[in-house]
Amino acid sequence: MLGAIVGDIVGSRFEFNNTDLYDFELFTQESSYTDDTICTIAIADAINRRNTRKDGDPCYAANLLRWCRKYPNPMGGYGGSFARWIQSEKPQPYNSFGNGSAMRVAPVAWAFNSLEEVRREAERTASVTHNHPEGIKGAVAVAHAIYSQRNGFNPGELERVGNLYYPGFLGATYTPGVFNETCQGTVPICLKIVRYSSSFEDAIRKAISWGGDSDTIGAIVGSIAEAAFGIPPEIYTTALGYLPEEMSWVIAKYFGNLNKASWI
Ligand SMILES: [Mg+2]
């Protein structure tokens with residue numbers, strides 16, 4: 001899930017000012033975390049907290065609400081319907097198929113160790129807001145793609161998984177630079193970008209230079225590319241420097257629970 005945060009921060013300054021350059025600076029003073037990072041942290045925090053609960057309630061909605069209300073004005077803001085959900089007194093799913101369900105799902109793909117659980121939890125993270133079939137599919141597809149690459153880059157498996165959800169996604173024609181905030185207009189492109197990448201940094205650069213919804217494409221590509229290629233330490237260390245301390249604590253606890261705390 002660090003890949004989602006890296007992609008979000010790198011893409012942040014290009015969301016409303018796209019670039020088609022490949023050799024841009026990854027991190028600058030204009031870079032910031034945005035809603036993609038906040039929501040990813042919220043899902044990780046839900047997983048952290050659920051470990052201490054007995055009733056099995058994943059609390060995805062409660063944690064999304066808590067974190068998003070605490071950070072009401074991130075760079076780039078929140079999507080309109082999601083912003084209303086955050087402020088609602090009785091938040092209900094609103095049948096969204098926006099790509100917000102796909103950009104926040106990465107933590108479940110590492111915290112659960114069977115495909116069945118990963119898919120079930122991905123659906124749960126989506127359905128509190130994005131309960132349209134395409135909204136759920138986008139989250140499940142990304143989580144499945146991450147899970148399929150956890151043992152390293154496996155392009156054949158990535159193609160197989162992609163075709164389960166978006167048949168023919170590799171052969172389809174996509175137009176760069178088009179702003180599309182839907183799952184079905186974002187996730188297949190992200191899968192294709194990772195399929196044709198050779199490293200984490202290559203994937204991130206391809207994602208951002210694609211244009212469109214740059215921070216979210218960066219977050220989704222980053223979350224899958226992290227599994228496929230791993231993240232160079234200097235890249236995730238720089239990204240972590242942009243986060244408030246309380247987000248770093250969530251990340252530390254999350255990785256501690258995975259017994260992978262040695263890097264932090
Ligand atoms: Mg964003």
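Start at 1 and go down the list; that is how both ligands and their atoms are numbered. The basis for the numbers below is simple: all heavy atoms, side chains too, and nothing from hydrogens, waters or symmetry mates. Every value quoted in this text rests on a predicted model; they were computed, and no experiment measured them.
For Tyr94 and His132, the ring centers are positioned 6.0 Å apart or more. Aromatic rings of Tyr33 and Tyr242 (six-membered ring for Trp) have centroids beyond the 6.0 Å cut-off, not under it.
Figure legend: Arg205 and Phe24 shown as a cation-pi pair, the cationic atom lying under 6.0 angstrom from the six-membered ring centre and within 45 degrees of its axis.
Annotation: salt bridge (charged side-chain N to carboxylate O under 4.0 Å, His left out) contacts involving residues 15-30, sequence neighbours excluded, are absent.
Side-chain contact check for Thr129 and Arg104: at least one donor-acceptor pair (N or O, by modelled atom type) lies under 3.5 Å.
Residues Phe255 and Tyr236 are members of one and the same hydrophobic cluster, defined by side-chain heavy-atom contacts under 4.5 angstrom among Ile, Leu, Val, Met, Phe, Trp and Tyr.
Inside a sphere of radius 2.8 Å centred on the Mg ion (ligand 1), the protein N/O/S atoms present are Thr34 OG1, Asp35 OD1, Asp36 OD1, Asp215 OD2.
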